[in-house]
Trainee: 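One structure is given below, represented as structure tokens, and several questions about it will come after.
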Amino acid sequence: MAAHLIDGKVLSQTVRDQIAKQTAELLARSGIKPGLAAVLVGDDPASHLYVKNKEKACEAVGIYVADHKLPASTTQNELMALIDKLNRDAQIHGILVQLPLPKQIDSKVVLDLVSPDKDADGFHPYNIGRLVEGHPVFEACTPKGVIKMIESTGVGIEGKRAVVVGRSNIVGKPVALMLLHRNATVTVCHSKTKDLPAVCRSAEILVVAIGKARFVTADMVSDGAVVVDVGVNRTADGKFVGDVDFEPVSQKAAWISPVPGGVGPMTIAMLLQNTLESAQRAAGKGGH
Ligand code: NDP
């Protein structure tokens, strides 16, 4: 393999160590312990596993977790009443609503009800607007992690040709905005993009978030590119692979992130970071 690995496990551990230190300092200085409310509705096993991992990661760095597991039959009004309560709970600095929500619940309405001051996932329209303006408060965890991964390579973002494949509200668009604010020249691709391989080959920084196993092949990557693979796909034999064909692409790229062990661990680390930063802001305002 020619490329250097962007190791999300190692990088996220470094971030978590810093968060643990800052959490302890905040508690000693102001008596405030960062708190995250994790709201999970229904029985989806994957969602339960994701939330469990996030809660374990919080506890390991000293973040208080309020665990709210609700039955699949929960009504929209019941969930909204809980969010309203959490918005007013001084011990809570971040609210995580695990998606997907059951069919009877309108996710958009629920996510919009989360206070922009506690929007640890960075999905609220206010926080998206702040990002568009270039004055972010809460930034979505996966895009924020992607940027940290690129920055960790030491390859400067400013002035680079960056290509983002995928334009979802939770990954592609925010990643593109974050790269733009760091002065990259950004192209955003999607399912209607013409001659995607040629556009990808123009990239010095290539971020792929489409959800198609091993879609980006070596002929789509230029020599020396930085490649970050956000995709998580399960193969027929039960293995997890990314959107990038890792082995051949790593012969051409200068830097590449693996799946698993890439963006996933960084996403969790950024959730912790967002919760800590929210508690620090609350401390700055003199409250909890
Ligand atoms: P979405 O399904 O919301 O968006 C996929 C995007 O990819 C769309 O913009 C779509 O284009 C584009 N796309 C699909 N097929 C093609 C194609 N053939 N060529 C070019 N573009 C294409 O996905 P998400 O953004 O939510 O997630 C993307 C991947 O990232 C998934 O595998 C997901 O599991 C993973 N993920 C990983 C996270 C982590 O923590 N590691 C967190 C979040 C997501 P169009 O808009 O035209 O339809």
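Whatever order the structure lists them in is the order used to number ligands and atoms, beginning at 1.
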Trainee: Do any N/O atoms on Ser191 end up under 3.5 angstrom from N/O atoms on ligand 1?
Mentor: yes
Trainee: Only heavy atoms of Thr267, strictly under 4.0 Å: list the atoms of ligand 1 that pass.
Mentor: 39 (C), 40 (O)
Trainee: Of all the non-hydrogen atoms in the protein, which one sits nearest to atom 14 (C) of ligand 1, and at what distance?
Mentor: Lys212 NZ, 3.7 Å
Trainee: Salt bridge between Asp112 and Lys108, side-chain N to carboxylate O under 4.0 Å?
Mentor: yes
Trainee: Would you mind checking if Lys144 and Glu277 are paired as a salt bridge, meaning a charged N to carboxylate O distance below 4.0 Å?
Mentor: yes
Trainee: For Leu196, is at least one N or O under 3.5 Å away from an N or O on ligand 1?
Mentor: no
Trainee: Has Arg281 got its NZ or CZ under 6.0 Å from the middle of the six-membered ring of Phe138, at an angle within 45 degrees of the ring axis?
Mentor: yes
Trainee: Apply the side chain to side chain donor-acceptor pair (under 3.5 Å) test between Asn127 and each candidate in Asn274, Asp119, Asp121; give the one that qualifies.
Mentor: Asp119
Trainee: Output yes when Asp89 and Lys85 qualify as a salt bridge under the 4.0 Å nitrogen-oxygen rule, no when they do not.
Mentor: no
Trainee: At under 4.0 Å between heavy atoms, which part of Val230 makes contact with ligand 1: side chain, backbone, both or neither?
Mentor: both
Trainee: Kindly identify the option in Lys192, Lys173, His190 whose heavy atom sits closest to atom 20 (C) of ligand 1.
Mentor: His190
Trainee: Measuring from atom 28 (C) of ligand 1, which candidate in Ala140, Ala209, Gly264, Gly262 has the nearest non-hydrogen atom?
Mentor: Ala209
Trainee: Just which atoms of ligand 1 are under 4.0 Å from any heavy atom in Phe215?
Mentor: 17 (C), 18 (N), 19 (N)
Trainee: Thr142 heavy atoms, cut-off 4.0 Å: which ligand 1 atoms fall inside?
Mentor: 40 (O), 42 (C)
Trainee: Do Glu151 and Arg182 sit within salt-bridge range, that is, some charged N less than 4.0 Å from a carboxylate O?
Mentor: yes
Trainee: Answer with side chain, backbone, both or neither: which part of Ile170 has a heavy atom less than 4.0 angstrom from an atom of ligand 1?
Mentor: side chain
